[in-house]
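All chains are named by letter (A, B, ...) in the order of the sequence lines, taking the proteins before the strands, and each is independently numbered beginning at 1. What you see is a predicted model, and the numbers here were worked out from it, not measured in a lab.
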Amino acid sequence: MDLPEIPADWLTPPDLATAARVQRELAGRVVPHGPDGPVRTVAGVDVSQFGRDPSGRVFAAVVLLDAATRETLEVGTAMRVAPIPYVPGFLGFREVPALLAAFQALSRPPDLVLVDGHGISHPRGLGIAAHLGVLLDLPAIGVAKSILVGAPAGEPGPGRGSRVPLVWQGRTIATVLRSKDRVAPLYVSTGHRIDGETAVDWTLRLGGRYRLPEPTRRAHEAANAFRRAWGSGAAEGSDD
DNA sequence: GCGACAG
DNA sequence: ATCTTGTCGC
């Protein structure tokens, strides 16, 4: 698929102060409602990396699947060197470039994107799911495995589908959701062009058997497979 | 100043 | 995120 025009500073700011400014700017562009059109295809994205690899290489994967049958339609991958090391609150600047390249490898854009990480439940309202969603201008949901900011308003029941709000500074920024019976909850938030309730609906609709919804789960496997394949082929001279 | 801190 | 054996529970 083709990518929208994206200012270089939005991808690689010179320093964290500038990065924070960019995040506030992009956070203002997040559309917290939708999707407007039908959702027939969904994409799951994730990145993998070598342990304490000083090179900063990130291996991204995007898996496109049929929203109704869950059949995998396409898999796109890409490797990039992260501009910055991991800093809580700035994950997007590290992983988005590689993810965008992976999307470029797809033949068509998805109707919805599920991202491994937070959406608006972020200090400046721009977690990686919102960051990627705004740059691609596609509906996106943040599905995180742990909290970045905020506190659960109580504890969700033990059954799949039980939920409680994640509150921060007096505002509900995400939903603490039990995606499977008796497993640690997920933190689902708006990424872009979707409301919180619909984000939770889709997360449940695309999951069931495992803690993570199918799109994100498959992307995690794909990114890992891609990294391992790259690792055992780099010695032969292949690059990117 | 002291902790907290997505992946 | 990644490194790893055994172990607890359905």
Q) With a non-hydrogen cut-off below 4.0 angstrom, is A/Ser121 in contact with a base, only sugar-phosphate, or nothing? A) nothing
(Q) Is it true that A/Arg227 and A/Ser48 share a donor-acceptor pair across their side chains at a distance under 3.5 Å? (A) yes
Q: Remember a base hit wins even if backbone is also touched, and classify A/His131 as base, sugar-phosphate or nothing at under 4.0 Å, heavy atoms.
A: nothing
Q. Using 4.0 Å as the upper bound for N to carboxylate O, is an ion pair formed by A/Glu214 and A/Arg217?
A. yes
Q) Reckon A/Phe93 touches a base, only the sugar-phosphate, or nothing at all at heavy-atom distances under 4.0 Å? A) nothing
Q. Rounded to whole angstrom units, what separation is found between the NE2 atom of A/His118 and the P atom of C/dA1?
A. 13 Å
Q) Looking only at side chains, do A/Ser179 and A/Arg160 share a donor and an acceptor under 3.5 Å apart? A) no
Q.
What's A/Gly89 touching, base or sugar-phosphate or nothing? Going by heavy atoms closer than 4.0 Å.
A. base
Q) Across the strands shown, which category fits A/Arg52 at heavy-atom distances under 4.0 angstrom: base, sugar-phosphate, nothing? A) nothing
Q: Whenever both distances are under 3.5 Å in a Watson-Crick or G-U wobble pair, mark it; put DNA chain C into dot-bracket that way, with [ ] for crossing pairs and | when the partner is on another strand.
A: ..........
Q) Which comes earlier along DNA chain C counting from the 5' end, the contact point of A/Arg228 or that of A/Arg182, where each point is its nearest nucleotide? A) A/Arg228
Q | Parallel, tilted or perpendicular, as decided by the 30° and 60° cut-offs, for the rings of A/Tyr187 and A/His118 | A | tilted
Q) chain A on DNA chain B: first and last contacting nucleotide, 5' to 3', under 4.0 Å to a heavy atom? A) B/dC5 to B/dG7
Q: Scan A/Ile147 against the nucleic acid and name what it touches under 4.0 Å (heavy atoms): base, sugar-phosphate only, or nothing.
A: sugar-phosphate
(Q) Counting neighbours of CG on A/Asp15 that are heavy atoms of other residues, nucleotides or ligands and sit closer than 6.0 Å, is the number greater than 12? (A) yes
Q.
Students often get this wrong, so: under 4.0 angstrom with heavy atoms, is A/Asp53 touching a base, only sugar-phosphate, or nothing?
A. nothing
Q) Does the cation-pi check pass for A/Arg124 over A/Phe90, that is, NZ or CZ under 6.0 Å from the six-membered ring centre and within 45° of its axis? A) yes
Q) Yes or no on salt bridge (charged side-chain N to carboxylate O under 4.0 Å, His left out) for A/Asp137 and A/Arg193, after CA distance, side-chain angles and deciding distance? A) CA-CA 8 Å; A/Asp137 193 28; A/Arg193 293 172 58 175; 3.5 Å; yes
Q) According to the interplanar angle, ranging from 0 to 90°, do the rings of A/Trp230 and A/Phe50 count as parallel (below 30°), tilted (30 to 60°) or perpendicular (above 60°)? A) tilted
Q. Using 4.0 Å as the upper bound for N to carboxylate O, is an ion pair formed by A/Arg163 and A/Glu155?
A. no
